[in-house]
Amino acid sequence: MPELPEVETIAADLRPHLVGRTILRCELRFPAIVRHPEPEQFVDLVAGLRIESVKRRGKYILIGLDQDRVLVVHLGMTGQLRIVDPTTPVAGHTHAIFDLDTSEGGLPPQGDAPGKAGSRRTPLGKQLRYRDPRRFGRILLGTEADLLLARVMPHLGPEPIDPDFSADALYAALRRRKAPLKAVLLDQKALAGVGNIYADESLYRARLRPDRVAQRISRASAARLRDALRESLELAIRNRGSSVDSYRDAWGERGGQQEVLQVYGRAGEPCFTCGRPLASMRIAGRTTVFCRHCQR
DNA sequence: TTAAATTCCTGTAAGC
DNA sequence: TGCTTACAGGAATTTA
């Protein structure tokens, strides 16, 4: 499932192939995947806009367009964004297809001139396709302010890999909450980008029990957790993310981080530190794996 | 106000 | 072998 490292990988892969191109048209095969504005309006508005940037914020991919608009994509559980040749057969569960102009060509592959129906110029540009079997993902379009105002995008917390994200900031965030430590890590308004995999991995690395009440964490523990979050996430980015489920990068390739995960998905298997079997419990509705001996 | 439970959705795997 | 059932979970929404 795409979390911060997976989304970062996809955004970095897409960036050089999207920036400078213009979205010629959009086909929605499953219109409900667009949550803002109405799907009909969405396809009208997005056509003709030029891509100026590709960024990540939390688990969101922000595709900056001209006229201050942002095309926002959240991959949910099983969302995939890929750049493909238009002749590639459309995979099942493909919900949106964006036709992009070819940056070399000059002339767009499909003109607006009437009376020229069916005349497809070559070379064709590429297509950006959104596929999402479980349909937990979403696509939005608007200015950032509009999207926050419309409450289709939350006010996200700080980025855990931001150099300015301090131990004190994390400590202050934890002090405000009586929920279990892990529940706070998963809360995107407290901290942006952490999901089930990296919450478990970071807590293991920081040697902290996931069910500890966040409020009762010491400043020293918070500092350890801040470092653990940063290390877990940056290692995963270097490994191009975890393909534990259906995650694939912009080229359809698997990441490598699943090979080195310490606890996620390893309930009952031996702890790499002490050798005792890893425990499992449910916190905030999520399966949580940890070591009773190494995490206190 | 905060926290927990519920809901959405389908592919996968376990169980009979 | 083939069917049914449970499970996976991000985040909006609802309930407590």
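Below, all heavy atoms of this structure are taken into account, side chains as well, without hydrogens, waters or symmetry copies. Each chain gets a letter, A, B and so on, in the order the sequences are listed, and its residues count up from 1.
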Student: Send over the distance from A/R35 CZ to C/dA11 C1', rounded to a whole Å.
Tutor: 10 Å

Student: In whole angstrom, give the distance that lies between atom CG of A/L185 and atom C1' of C/dA11.
Tutor: 16 Å

Student: May I ask you to evaluate whether A/H74 reaches the phosphate of C/dG10, defined as a side-chain N or O under 4.0 Å from OP1 or OP2?
Tutor: no

Student: Give the rounded distance in Å between these two atoms: CZ of A/R286 and P of C/dA8.
Tutor: 11 Å

Student: Between the side chains of A/R276 and A/H293, is a donor N or O closer than 3.5 angstrom to an acceptor N or O?
Tutor: yes

Student: Just checking, any donor-acceptor pair under 3.5 angstrom between side chains of A/D85 and A/T88?
Tutor: no

Student: Less than 4.0 angstrom from a charged side-chain N to a carboxylate O is my criterion; do A/R219 and A/D168 meet it?
Tutor: yes

Student: Is there a donor-acceptor pair closer than 3.5 Å between any side-chain N or O of A/Q188 and the backbone N or O of A/G193?
Tutor: yes

Student: Could you state the atom-to-atom distance from CE of A/M77 to P of C/dA12 in whole Å?
Tutor: 15 Å

Student: Is it true that A/D132 and A/Y130 share a donor-acceptor pair across their side chains at a distance under 3.5 Å?
Tutor: yes

Student: Below 4.0 angstrom from OP1 or OP2 of B/dG11, is there any side-chain N or O of A/H93?
Tutor: yes

Student: Output the rounded distance in Å from OH (A/Y130) to P (B/dC9).
Tutor: 14 Å

Student: Donor-acceptor pair, A/Q295 side chain versus A/C291 backbone, under 3.5 Å?
Tutor: yes

Student: Of the nucleotides C/dA12, C/dA8, C/dG10, which one has an atom closest to the side chain of A/K59?
Tutor: C/dG10

Student: Mind grabbing the angle between the end helix axes of the helix from B/dT2-C/dA16 to B/dC16-C/dG2? Five pairs an end, 10° rounding.
Tutor: 50°

Student: Of the residues in residues 131-146 of chain A, which ones touch DNA chain B at a heavy-atom distance under 4.0 Å?
Tutor: A/P133, A/R134, A/R135, A/F136

Student: With a cut-off of less than 4.0 Å, is there a side-chain N or O of A/T287 near OP1 or OP2 of C/dG9?
Tutor: yes

Student: Nearest whole angstrom, please: distance from the P of C/dT14 to the CZ of A/R151.
Tutor: 11 Å

Student: Side chains of A/Q257 and A/Y264: donor-acceptor distance under 3.5 Å anywhere?
Tutor: no

Student: Is there a donor N/O on one and an acceptor N/O on the other, under 3.5 Å, for the side chain of A/R176 and the base of B/dA3?
Tutor: no

Student: Are side-chain N/O atoms of A/S232 and A/Y204 paired as donor and acceptor at under 3.5 Å?
Tutor: no

Student: Near DNA chain C, counting only heavy atoms under 4.0 Å, which residues of residues 186-198 of chain A show up?
Tutor: A/Q188, A/N196

Student: Taking all heavy atoms of A/I217 and all of A/Y171, pick out the closest pair and write down the distance.
Tutor: O-CE1, 3.3 Å

Student: So that I can tick it off, tell me whether A/R240 and A/D13 are bridged by a salt bridge, with the cut-off set at under 4.0 angstrom between side-chain N and carboxylate O.
Tutor: yes

Student: Considering every strand and a 4.0 Å limit on heavy-atom distances, what is the contact class for A/Y264: base, sugar-phosphate, or nothing?
Tutor: sugar-phosphate

Student: Would you mind checking if A/D146 and A/R69 are paired as a salt bridge, meaning a charged N to carboxylate O distance below 4.0 Å?
Tutor: no

Student: Please tell me which of A/A284 and A/F30 maps to the more 5' nucleotide of DNA chain B, matching each residue to the nucleotide holding its nearest heavy atom.
Tutor: A/A284

Student: What does A/P2 touch in the nucleic acid at a heavy-atom separation under 4.0 angstrom: a base, only the sugar-phosphate, or nothing?
Tutor: nothing

Student: Nearest whole Å is fine: how far is C/dA12 P from A/L147 CG?
Tutor: 12 Å

Student: Distance check needed: B/dT10 C1' versus A/L75 CG, whole Å only.
Tutor: 17 Å

Student: Please verify the inter-ring angle class for A/H95 with A/F30; under 30° counts as parallel, over 60° as perpendicular, anything in between as tilted.
Tutor: tilted

Student: When all nucleic acid strands are considered with a 4.0 Å heavy-atom cut-off, which category describes A/M1: base, sugar-phosphate, or nothing?
Tutor: sugar-phosphate

